[in-house]
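Worksheet: one structure, shown below.
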Amino acid sequence: MTENTQPPANGPHSAPADLPTQYTPADVEGKLYERWVERGYFEADEKSEKDPYAIVIPPPNVTGSLHLGHAFEHTLIDALTRRKRMQGYETLWQPGMDHAGIATQNRVERELAKEGTSRHDLGREAFVERVWRWKAESGGTISGQMRRLGDGVAWSRERFTMDEGLSRAVNTIFKRLHDDGLIYRAERIINWCPRCLTAISDIEVEYQDDDGELVSIRYGDGEDSLVVATTRAETMLGDTAVAVHPDDERYRHLVGRRIDLPLTDRSIPVVADAHVDPEFGTGAVKVTPAHDPNDFEIGRRHGLPQLTVMDEHAVITAPGPFQGLDRLEARSAVVGALREEGRIVAEKRPYQHSVGHCSRCHTTVEPRLSMQWWVRVAPLAKAAGDAVRDGRVAIHPKEMSSRYFEWVDNLHDWCISRQLWWGHRIPVWYGPDGEVRCVGPDEEPPTGPGWTQDTDVLDTWFSSALWPFSTLGWPERTDSVAKFYPNSVLVTGYDILFFWVARMMMFGLYAMDGVPPFHTIALHGMVRDQFGKKMSKSFGNAVDPLDWMDAYGSDAVRFTLARGANPGVDVPIGEDWVQASRNFANKIWNATRFALLNGATVEGPLPAAEEMSATDRWVLSRLNSVVAEADAYYDDYQFAKLSDALFHFAWDEVFDWYVELSKTTFAAGGRPAEVSRRVLGEVLDVTLRLLHPLIPFVTEELWTTLTGGDSVVVADWPKDSGFRDAAAERELDAVRQLVTEVRRFRADQGLQPGQRVPATLDLGETGLAAHEPAMRALLRLEPAGEAFSATATLPVAGAVVALDLSGAIDFAAERKRLTKDLAAAEKELAQTTAKLGNEAFLAKAPDHVVAKIRTRREAAEADIARITEQLAKLPA
RNA sequence: GGGUACAUAGCUCAGUGGUAGAGCGCCGCCCUUACAAGGCGGAUGUCGGCGGUUCGAACCCGUCUGUACCCACCA
């Protein structure tokens with residue numbers, strides 16, 4: 001369809017026939033988004049009187065592009081903020097991006113490599129300039145994708161972690177932490193990536209089980225010898241001791257003595273240390289303080305020298321035959337040399353053990369002794385834990401809190417310095433006489449000969465930790481900070497609970513005088529494929545959300561994601577499901593089209609209940625229940641249940657029943673038709689508004705056409721009017737059951753759906769007389785005389801449908817069906833009778849349960865009577 | 001080694017004590033004048049195994065098996 005994409009209607013039910021019979025997302029999505037932005041709907045006013053509702057975007061890496069995980073997260077955030085906006089809050093969805101230190105630097109370095117140059121050739125300043133240029137050129141990818149998705153973010157407030165203001169925030173907090181003694185410099189064993197050439201923090205290390213080889217090596221000679229085992233043989237060059245457990249009888253005689261270290265001319269002491277597990281291996285451990293975190297600690301306890309034998313590239317520096325070899329080459333060379341000396345006591349054997357890899361490039365991490373900057377996290381983490389413990393911050397779903405506590409309660413100090421060029425440079429200067437000066441944002445750095453600035457930059461997460469307030473202008477005391485801090489909710493994946501969430505908590509509480517950065521943390525899961533498998537490029541199941549948005553529309557992608565979003569649980573998504581969501585959008589489209597063709601309207605007040613048919617009252621009663629239900633689900637971040645409830649209400653109840661039943665009313669005309677037109681308008685109006693946060697585009701297009709309103713984006717959020725009509729609901733339940741039963745009967749008899757059948761419809765004492773015309777229409781029943789062939793199974797007491805099947809009835813099939821029904825009813829009767837004969841049950845079960853069982857028994861009895869009668873009437 | 005989840009229809013998942021549900025898929029009949037991206041009807045499960053508590057268990061308790069993820073300085 002290419003026609004009919006003109007601007008939205010300028011009045012209620014204008015030109016309904018203009019709507020094409022199929023919804024084409026591409027025709028409306030782009031233009032609607034641009035209109036929303038032009039009209040400033042997404043902008044936030046910090047001076048507004050309205051209550052604030054603020055959510056920050058988890059800033060995507062500038063290097064990145066939108067993947068389904070983003071699409072998912074954005075759908076949830078967008079839905080939350082759109083609803084709050086409709087509810088009359090001053091909403092801020094804060095957009096922005098993260099400079100992603102290592103990732104971005106790696107990316108640009110790869111480009112340079114292709115050009116045959118390197119960052120070292122360029123020099124620091126030129127390189128950083130180059131990264132900025134790269135950011136300017138390709139950093140906008142995500143913004144474009146966010147527009148496609150419909151993200152209602154405040155574009156004028158877009159921020160970047162390296163912006164001047166945010167850098168000032170970083171500097172401010174660094175200075176403050178430093179002066180408070182919470183940032184310090186120390187030489188320790190850190191995780192070193194020999195490819196990225198930088199330190200990385202503990203949580204940037206990904207452990208996986210790798211196949212290694214455990215070799216056993218004899219140290220020393222004769223009685224003065226023992227055997228140690230290792231998977232990193234090359235580190236023996238840096239051994240400065242062997243450790244055994246203090247209580248280990250086997251080695252007691254050796255403690256305090258020195259033994260010869262093979263391949264070297266050194267001898268090393270045997271020390272006793274409780275860290276050694278005497279049960280493991282030989283019970284003797286080689287100690288390499290400069291290349292292993294445990295050994296570092298042992299070395300500290302025993303005053304051992306720290307002998308560095310590898311450089312930053314993990315190349316051996318120890319003088320001798322191994323010098324210049326890479327760690328892996330050195331490993332086999334060392335083992336070979338040891339074997340020649342007869343030092344290998346057990347052949348090397350395969351050994352699976354946990355090995356750390358750089359989370360950015362997957363290179364095996366090398367523990368390395370070096371001087372770095374650290375954050376003393378204990379006091380900060382304590383506060384972060386307490387804020388959740390005492391309920392000031394709620395984690396949703398609450399099962400996730402245990403993970404959070406596990407981390408904040410057992411935290412090691414955080415290594416924040418990175419040996420990179422792209423990032424916030426550490427604001428510390430070193431003087432000629434060993435002075436160290438931390439320079440705050442309003443201070444001049446020291447000048448003069450010999451003063452140099454620290455060459456390292458800060459961990460990316462240092463600046464992300466300030467995101468909830470740095471984006472609002474902090475450290476200035478801006479109105480935005482006052483209005484939107486703390487944020488209302490943080491919506492993010494459980495996978496960055498530690499990387500990001502916990503650190504925002506620590507820094508937020510610290511910087512903002514103990515006020516945590518948000519009231520609620522709503523954690524979602526990871527997007528997976530339709531079989532629940534992790535999406536990854538290497539596995540070949542990764543999907544570009546743009547492909548699906550192109551094919552099925554953004555609404556379809558959003559709705560599918562929302563529909564799978566159970567709190568904290570991973571979300572599978574498959575193309576078939578997106579297609580189904582597209583079908584839903586199309587269904588809404590066509591239902592609205594039908595409504596417009598039939599004169600549905602939102603003008604004027606709703607007619608009085610007395611004027612309405614039971615069908616009208618039923619649908620309005622259900623509508624209001626659904627409004628209440630939707631509110632409860634939104635408030636509880638239950639997107640899957642929310643989507644499901646709206647889907648089924650709209651499709652099953654409104655489209656399949658109310659719309660179908662109303663056809664008869666419309667055809668008859670008169671006042672009842674007028675009333676139904678207004679009711680149908682109301683139902684669609686409210687339903688579209690309820691759905692808008694999830695599927696903004698199609699609802700906007702339809703709602704503006706239906707109501708003539710400016711935009712559903714700024715329409716009022718529906719309120720439960722309190723209208724309920726239990727009697728009408730029961731009545732329509734009966735109608736629906738009855739119609740379904742007759743349809744089943746017809747299908748069983750092989751009647752074609754469209755085939756008209758002479759029939760009498762005797763609704764007896766059911767009180768459903770008013771529905772007879774509609775039911776006859778739905779069932780394709782023609783008026784009939786005396787003819788009688790069979791009766792349908794009737795779930796509503798007192799109703800009889802006599803269908804004249806003109807001799808075409810299949811008596812055998814009917815007998816079979818009735819017999820089956822009879823058996824089921826008899827089983828039901830037996831079950832309920834047994835239950836009601838159970839004294840213990842009657843004594844202990846609540847009244848409503850007992851009553852329910854009674855009703856079931858009565859129904860079973862009635863069924864048996866009726867079916868028996870019908871069976872008797874069937875010709876043999 | 002510690003921790004947290006999870007095992008329900010072919011697939012992906014809801015369902016926290018009272019007759020087993022949804023979407024997709026599947027079978028059958030229909031282009032019934034909003035929609036075939038649709039309509040109507042239908043089939044499909046000893047709710048992982050074994051015990052226990054209870055009048056009653058998918059649900060609570062114990063245990064076993066299997067899976068996923070997180071944390072941890074196991075040479």
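Bear in mind the structure is a predicted one, so any value in this text is a computation, not a measurement. Every chain is numbered from 1 and lettered A, B, ... according to where its sequence line falls, protein lines coming before strand lines.
With both ends at atom P, the span from B:C27 to B:A5 equals 41 Å, rounded to whole Å. Remark: the separation of the C1' atoms in B:G17 and B:G52 is 16 Å, to the nearest Å. As rounded to the nearest Å, B:G62 and B:A68 have P atoms that lie 24 Å from one another. Comparing the C1' positions of B:A58 and B:G49 gives an interatomic distance of 15 Å, to the nearest angstrom. With both ends at atom C1', the span from B:C50 to B:A57 equals 15 Å, rounded to whole Å. Taking atom P on both nucleotides, B:U16 is separated from B:G28 by 36 Å, rounded to a whole Å. B:C24 and B:C71 have their C1' atoms separated by 37 Å, with the value rounded to a whole Å.
A:K835 comes within 4.0 angstrom of a base, heavy atoms only. A:D644 comes within 4.0 angstrom of the backbone, heavy atoms only, and of no base. Residue A:P293 is out of contact with every strand shown, counting any heavy-atom pair closer than 4.0 Å. A:H275 comes within 4.0 angstrom of a base, heavy atoms only. Within 4.0 Å of A:D277, counting heavy atoms only, lies at least one base atom of the nucleic acid. Residue A:E406 is in base contact, counting any heavy-atom pair closer than 4.0 Å across all strands shown. Using a 4.0 Å heavy-atom criterion, one finds that A:T740 contacts the sugar-phosphate atoms exclusively.
The only member of A:F498, A:W414, A:Y494 that meets ring-ring contact (aromatic ring centres under 6.0 Å, His included) when paired with A:W407 is A:F498.
The nearest whole Å value for the distance from the CG atom in A:D570 to the P atom in B:U4 is 19 Å. Protein atom CG of A:L842 is 14 Å distant from nucleotide atom P of B:G56, rounded to whole Å. Atom pair A:I217:CD1 and B:A75:C1' shows a separation of 11 Å (rounding to whole Å applied).
Look at B:A68: its Watson-Crick or wobble partner, with both distances under 3.5 angstrom, is B:U4. Pairing for B:G17 is absent, judged as Watson-Crick or G-U wobble with the two contacts each under 3.5 Å. Under the Watson-Crick and G-U wobble criteria, each requiring two contacts below 3.5 Å, nucleotide B:G23 is paired to B:C11.
Between A:S554 and A:F697, the shortest heavy-atom distance links the atoms CB-CE1, 3.8 Å.
Judged by distance alone with a 3.5 Å cut-off, no donor-acceptor contact links the side chain of A:E399 to the base of B:A5.
Comparing A:F655 and A:R563 by the nucleotide of RNA chain B whose heavy atom lies nearest to each, the residue mapping closer to the 5' end is A:R563. For the pair A:D295 and A:A747, both in contact range of RNA chain B, the more 5′-proximal nearest nucleotide belongs to A:A747.
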